[in-house]
Amino acid sequence: MAPFTAVVLLLAALRGCDGSLRFASYYGDHMVLQKAPQRAVLWGYAPAGATVTVSLSGPVKQKRACISATQGIWRVLLDPVDAGGPYNVTASTPFSTAVLTDVLFGDIWLCGGQSNMYFKTSQVFNASEELALSAKYPHVRTFMAALNSSETELIDLIQVELPWSVPSARILSEFSAVCWLFGRYMFERLKYPIGLVESCWGGTSVEAWSSPRALKQCGLQQTENSTKEKSSVLWNAMIHPFQTMTIYGAIWYQGEANADYNKNKYNCSFPAMIDDWRMAFHSGSGGQTADDFPFGFVQLCTNNKGATDDGFPDIRWHQTADVGFVPNYRMKKTFMAVTLDLPDEASPYGTIHPRDKQDVAYRLSLGARAVAYGEQDLLFRGPFPQLIWASETLVEINYDQLVSVKPSQDVFEVCCSVVTAPCGSSSRWVPAAVVAWSASAVRLNASSCQPSEVAALRYAWKDWPCGVKACPVYTANGVLPAPPFIVQKYEAGKRNIWKTKVVNWNEK
């Protein structure tokens with residue numbers, strides 16, 4: 001046996017060394033198990049060598065038996081169970097019994113990230129109204145891991161912060177707002193149980209949530225920072241334990257901590273983390289969690305209204321693997337909520353923590369409905385450039401969908417250059433005012449570039465590009481904002497959408 005594996009199993013054995021029969025830490029009364037077509041995994045601790053029988057009683061019945069491993073760990077794979085309940089799940093040996101009551105079957109979503117995912121439902125706009133609604137959603141169940149780190153991968157949580165619960169104002173006041181609201185919106189659409197597992201920690205980098213495998217793919221080294229920031233320590237303690245559990249998908253809100261830490265690696269480290277989680281959860285669940293399970297995330301909102309650095313803009317771009325939208329060729333089966341138009345200058349929790357989490361979760365839910373559940377003809381992402389037409393004085397953007405447009409003087413910018421090379425943050429960028437628009441195009445004034453030529457175009461490339469729901473470009477229904485983008489005239493290796501003249505509206 002490999003030394004590392006032996007250490008992990010030893011830790012597990014020490015948890016069960018009292019010889020008692022019990023479920024692992026993240027199983028409990030009122031929980032949700034993953035519904036059919038996947039099969040739910042159940043595991044726990046028992047005296048070494050004991051025969052453990054697991055039975056399911058409720059709308060349907062099942063009985064499964066297994067032999068406990070020598071390290072005192074038992075594991076059972078249930079047959080597929082359709083959405084619904086309630087069920088009792090009983091694990092028994094000849095000498096002991098452990099029972100889970102009021103168990104439902106539905107879809108399980110893991111909610112991870114840093115402080116904006118940790119942000120509590122009691123802190124959002126209209127919090128008292130949101131909390132009062134909790135009793136209307138008894139089939140949306142919540143679970144929260146405690147904040148812990150580990151130098152080695154653990155198979156079980158060190159501690160549980162909030163056990164599985166039927167929602168109440170008291171429970172939800174301490175639970176993630178984005179996670180809860182997303183689950184609530186999904187339940188309203190799906191009409192079957194949703195299980196929400198919160199495992200996040202404020203102020204943490206993507207490296208802390210990534211395995212050494214994922215970091216190695218991006219040339220990142222193990223770090224010796226503070227406890228919660230050290231590479232892989234939160235993956236080890238707060239994500240790896242869940243890989244045995246069958247889940248349906250994950251949502252993620254993180255990136256602020258990487259705006260000034262390994263920022264230029266985020267276009268690799270974030271997609272690599274997603275890929276690695278998928279591989280690990282698929283393997284850990286015995287193939288029950290899909291190896292391409294849907295992964296949604298929140299593109300960064302705002303922080304510093306007067307900021308001139310590219311920290312947040314660069315991270316927003318890197319969150320899409322430098323493509324600008326998802327899903328894409330590098331980030332398949334992902335979905336994104338664009339939130340740069342939801343600033344909160346008066347937030348008592350700091351401007352980095354905006355209180356409008358309802359719109360965030362709703363935009364995420366649209367992506368989940370389309371990408372995770374295959375809902376057809378659903379508008380779930382904002383407009384993105386399809387073609388750029390440029391002349392000496394004008395730039396025109398043709399979008400991939402119908403748009404609604406507001407006047408703007410400075411949210412669009414053009415790079416003025418005399419060299420045939422990509423523009424960077426130190427290049428000469430000048431505002432390009434919106435001068436006209438049609439059903440699917442926007443025309444900009446680029447005359448301030450003369451006598452140089454327009455060599456690149458970018459949109460909303462600021463920490464705080466616009467006011468609340470007041471960016472220039474939205475979907476035709478005005479609901480979803482266009483994501484930020486940067487398009488270079490001179491850039492090798494990408495599909496060239498840049499054309500060299502502006503034509504009349506009617507000529508295209």
Side-chain angles (χ1 to χ4, degrees), residues 12 16 19-69 72-110 137-143 155-157 160 163-167 183 186-187 190-197 241-249 281-290 293 373:
S20 62
L21 170 70
R22 57 192 176 90
F23 290 90
S25 65
Y26 48 83
Y27 296 93
D29 296 342
H30 315 299
M31 77 174 302
V32 176
L33 290 170
Q34 181 57 46
K35 72 171 186 67
Q38 292 118 307
R39 301 172 66 185
V41 179
L42 292 164
W43 73 276
Y45 307 96
T51 300
V52 179
T53 300
V54 175
S55 59
L56 186 69
S57 60
V60 299
K61 292 180 169 54
Q62 285 189 38
K63 195 169 188 177
R64 314 283 293 184
C66 69
I67 303 297
S68 177
I73 306 295
W74 59 268
R75 171 174 162 148
V76 164
L77 193 61
L78 295 179
D79 288 333
V81 178
D82 290 335
Y87 289 87
N88 283 355
V89 181
T90 302
S92 60
T93 68
F95 309 103
S96 186
T97 299
V99 183
L100 308 178
T101 63
D102 186 32
V103 174
L104 304 178
F105 283 80
D107 284 342
I108 297 180
W109 285 85
L110 175 63
Y137 299 93
H139 288 172
V140 183
R141 306 289 177 84
T142 59
F143 176 92
I155 67 166
D156 203 357
L157 297 174
V160 171
W164 283 102
S165 305
V166 177
M186 295 313 301
F187 175 81
L190 299 171
K191 306 299 184 186
Y192 59 71
I194 301 291
L196 301 171
V197 177
F242 289 113
Q243 69 172 358
T244 307
M245 185 185 214
T246 310
I247 67 169
Y248 189 83
F281 276 76
H282 180 68
S283 174
S285 65
Q288 295 309 305
T289 298
F293 68 76
Y373 293 96

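What you see is a predicted model; the values in this text were computed from it and never measured.
- Between P47 and S68, the closest heavy-atom pair is O-OG, 3.7 Å.
- With contacts defined as side-chain heavy-atom distances shorter than 4.5 Å, the pair T289/Q38 does not qualify.
- Contact detail for P86 and P59: the closest heavy-atom pair is O-CD, 3.3 Å.
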Stepwise side chain to side chain contact (heavy atoms under 4.5 Å, CB included) check, W74 with L21: CA-CA 9 Å; W74 59 268; L21 170 70; 3.6 Å; yes
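- For R22 (side chain) and G44 (main-chain N/O), no donor-acceptor pair under 3.5 Å exists by modelled atom type.
- Contact of the D107 side chain with the Q34 side chain is registered, since non-hydrogen atoms from C-beta on lie closer than 4.5 Å.
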Step-by-step side chain to side chain contact (heavy atoms under 4.5 Å, CB included) determination, M245 to L110: CA-CA 11 Å; M245 185 185 214; L110 175 63; over 6 Å; no
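- Judged purely by atom type and a 3.5 angstrom limit, Q62 uses its side chain to pair as donor or acceptor with the backbone of D79.
- Under the side chain to side chain contact (heavy atoms under 4.5 Å, CB included) rule, L104 has a single partner from K35, M31, R141, H30, which is R141.
- Side-chain contact between F105 and L78: present, with at least one pair of heavy atoms (C-beta onward) separated by less than 4.5 Å.
- Aromatic ring orientation, Y27 versus F23: tilted (interplanar angle from 30° to 60°).
- S92 and T97 get closest at one heavy-atom pair: CB-OG1, 3.9 Å.
- In this structure the side chain of V32 never reaches within 4.5 angstrom of the side chain of Y192, judged on heavy atoms.
- The minimum heavy-atom distance between H282 and S285, with the atom names listed, is O-OG, 3.3 Å.
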Stepwise side chain to side chain contact (heavy atoms under 4.5 Å, CB included) check, Y87 with L100: CA-CA 8 Å; Y87 289 87; L100 308 178; over 6 Å; no
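- For the pair F242 and V197, the minimum side-chain heavy-atom distance is below 4.5 Å.
- Under the 3.5 Å distance criterion, the side-chain polar atoms of T90 are left unmatched by any main-chain donor or acceptor of S55.
- Here the straight-line distance linking atom CZ of R39 with atom OG1 of T246 works out to 9.5 Å at 0.5 Å rounding.
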Test log, rule side chain to side chain contact (heavy atoms under 4.5 Å, CB included), inputs D29 and D102: CA-CA 6 Å; D29 296 342; D102 186 32; 5.7 Å; no
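- Under the 4.5 Å side-chain criterion, counting only non-hydrogen atoms from C-beta, V103 is in contact with L33.
- A 4.5 Å side-chain heavy-atom check between V89 and L42 finds at least one atom pair inside the cut-off.
- Using cut-offs of 30° and 60° for the angle between ring planes, the Y137 and F187 rings count as perpendicular.
- V140 is listed as a side-chain neighbour of L196, based on a closest heavy-atom distance under 4.5 Å.
- The aromatic rings of F143 and W164 sit tilted, their planes meeting at an angle between 30° and 60°.
- Ring pair Y373/W109 is tilted by interplanar angle, where 30° to 60° counts as tilted.
- Looking only at distances, a side-chain donor or acceptor of D156 sits under 3.5 Å from a matching main-chain atom of S25.
- Distance check: I73 CD1 to C66 SG gives 11.0 Å after rounding to the nearest 0.5 Å.
- Open room surrounds CG on D82; 12 or fewer heavy atoms of other groups in view lie less than 6.0 Å from it.
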